[in-house]
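This report refers to the structure that appears directly beneath it.
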Amino acid sequence: MNKYLGSAQKALKLSQQGYETISAYKNFLESQNITSIDCFENLPITDKQNYILKYSLQDLIPQNRKKGYRIGKSSGSSGKITYWLQYPEAVKNDGLKLRMFLESNFQIHQKPTLAIMTLNSEAWAASENFDLALKTLSIDINYTFYTFSPSVKLESIIDLINYMNSDVEQIILFIVPSLIFHLLKIAKYLGYDLPVHKLRYIVTGESFPENFRINFQNQAQVSAEKPF
């Protein structure tokens, strides 16, 4: 059985580069009597406690990098907020990858689309990265693509969906699964019928059962073989 989420070869190369250029990673490995990297599977696992919080920001970045960074912040759910640095070119790369994903799976280059970032970017670094990628991808496109980032202000989301409904063919929500129920319930309470046949989802942050997806896919009248 494949034990990897990605390429073990790439992971090994990245670890070797880290050992050569990042003082924190070199110190971390040498503290466990590792002075060379030949096999990725034998490397100790880094985590927030033994690595991120143990070393300074300057020790966590490659020594040969230019001094241009964006600072990310964790939510602090573990009991201590963590900060880290992200390179500007990583944001551009994330935007390109997100654009390729949305064009491939949701055909945003063929359908006028409204994308709404409903994740809480103020409290969660992952949602901030999604938001930056979404805004970055919208800069250099030549088709109709709207972005809206109201965080978790559900009334604003509902209002804009109804305002833009006639101008777009689909509405993609970046959202945690449990918030979908709240969104639909609040819309109903406010007297709105959301166009569920146009709603599509990028879900993250929580696990959810398969019948959850099937239920909403059936409501949207999307066939099982199509991305939803």
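Computed from heavy atoms alone, side chains included, the values below leave out hydrogens, waters and symmetry copies. As the structure is a prediction and not an experimental result, all values here were calculated from the model.
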Going by heavy atoms in the side chains, are [X] and [Y] under 4.5 Å from each other?
X: Ile34; Y: Asn42; value: no
X: Ile141; Y: Arg99; value: yes
X: Leu179; Y: Leu154; value: yes
X: Asn211; Y: Asn215; value: no
X: Ile180; Y: Ile175; value: yes
X: Ile186; Y: Ile158; value: yes
X: Asp94; Y: Thr136; value: no
X: Leu119; Y: Val176; value: yes

Show your working on side chain to side chain contact (heavy atoms under 4.5 Å, CB included) between Tyr51 and Leu60 and close with a plain yes or no. CA-CA 9 Å; Tyr51 188 67; Leu60 289 167; 3.5 Å; yes
Could you tell me whether Gln9 atom CD has more than 12 heavy atoms of other residues or ligands within 6.0 Å of it?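 Result for CD/Gln9: open.
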Answer yes or no: does atom NZ of Lys188 have more than 12 heavy-atom neighbours from other residues, nucleotides or ligands under 6.0 Å? no
Compute the centroid of each ring, for Phe181 and then for Phe216, and state whether the two points are separated by less than 6.0 Å.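 Phe181 vs Phe216: aromatic centres under 6.0 Å.
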Close aromatic pair by centroid cut-off 6.0 Å: Phe228 and Phe106: no
To the nearest 0.5 Å, what is the distance between [atom1] ([X]) and [atom2] ([Y])?
X: Ile172; Y: Ile108; atom1: CD1; atom2: CD1; result: 6.5 Å
X: Leu12; Y: Lys10; atom1: CG; atom2: NZ; result: 13.5 Å
X: Lys54; Y: Asp47; atom1: NZ; atom2: CG; result: 10.5 Å
X: Asp38; Y: Ser15; atom1: CG; atom2: OG; result: 11.5 Å
X: Leu173; Y: Phe148; atom1: CG; atom2: CZ; result: 11.5 Å
X: Lys13; Y: Ile37; atom1: NZ; atom2: CD1; result: 14.0 Å

Please step through side chain to side chain donor-acceptor pair (under 3.5 Å) for the pair Glu225 and Ser223, ending with a clear verdict. CA-CA 6 Å; Glu225 66 273 9; Ser223 59; 3.1 Å; yes
Counting only pairs under 3.5 Å, give me each side-chain donor-acceptor contact of residues 191-202, with atom names and distances, residues two or more places apart or in other chains.
from	atom 1	to	atom 2	distance (Å)
Lys198	NZ	Asn165	O	2.6
Lys198	NZ	Asn165	OD1	2.9
Lys198	NZ	Val168	O	2.9
Arg200	NH1	His197	O	3.2

Between Thr118 and Leu183, does a side chain to side chain contact (heavy atoms under 4.5 Å, CB included) hold up when you go through it step by step? CA-CA 10 Å; Thr118 71; Leu183 184 69; 6.0 Å; no
If we ignore hydrogens and angles and just use 3.5 Å, is the side chain of Gln107 paired with the main-chain N or O of Ser104 as donor and acceptor? yes
Within the side chain of Asn218, is there an N or O that forms a donor-acceptor pair under 3.5 Å with the backbone of Ile214?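 Answer holds: yes.
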Flag yes if [X] and [Y] sit in one hydrophobic cluster, no otherwise; membership is Ile, Leu, Val, Met, Phe, Trp, Tyr, and two members link when side-chain heavy atoms are under 4.5 Å apart.
X: Leu190; Y: Val152; answer: yes
X: Met100; Y: Leu132; answer: no
X: Phe208; Y: Phe130; answer: yes
X: Ile139; Y: Met117; answer: no

Under the side chain to side chain contact (heavy atoms under 4.5 Å, CB included) rule, what do Asn50 and Ile45 come out as? Steps first, then yes or no, please. CA-CA 9 Å; Asn50 70 12; Ile45 296 175; 5.9 Å; no
Assess whether side chain to side chain contact (heavy atoms under 4.5 Å, CB included) is satisfied between Tyr146 and Met164, documenting all intermediate values. CA-CA 10 Å; Tyr146 304 98; Met164 296 289 295; 3.6 Å; yes
Taking side chain to side chain donor-acceptor pair (under 3.5 Å) as the cut-off, I'd like each qualifying pair that reaches into residues 20-34, sequence neighbours left out, listed once. Tyr19-Glu30, Ser23-Asp59
Among Ile116, Val203, Leu134, exactly one meets side chain to side chain contact (heavy atoms under 4.5 Å, CB included) together with Phe174. Which residue is that? Leu134
Nearest heavy-atom neighbours spanning Pro177 and Thr204: CD-O, 3.7 Å
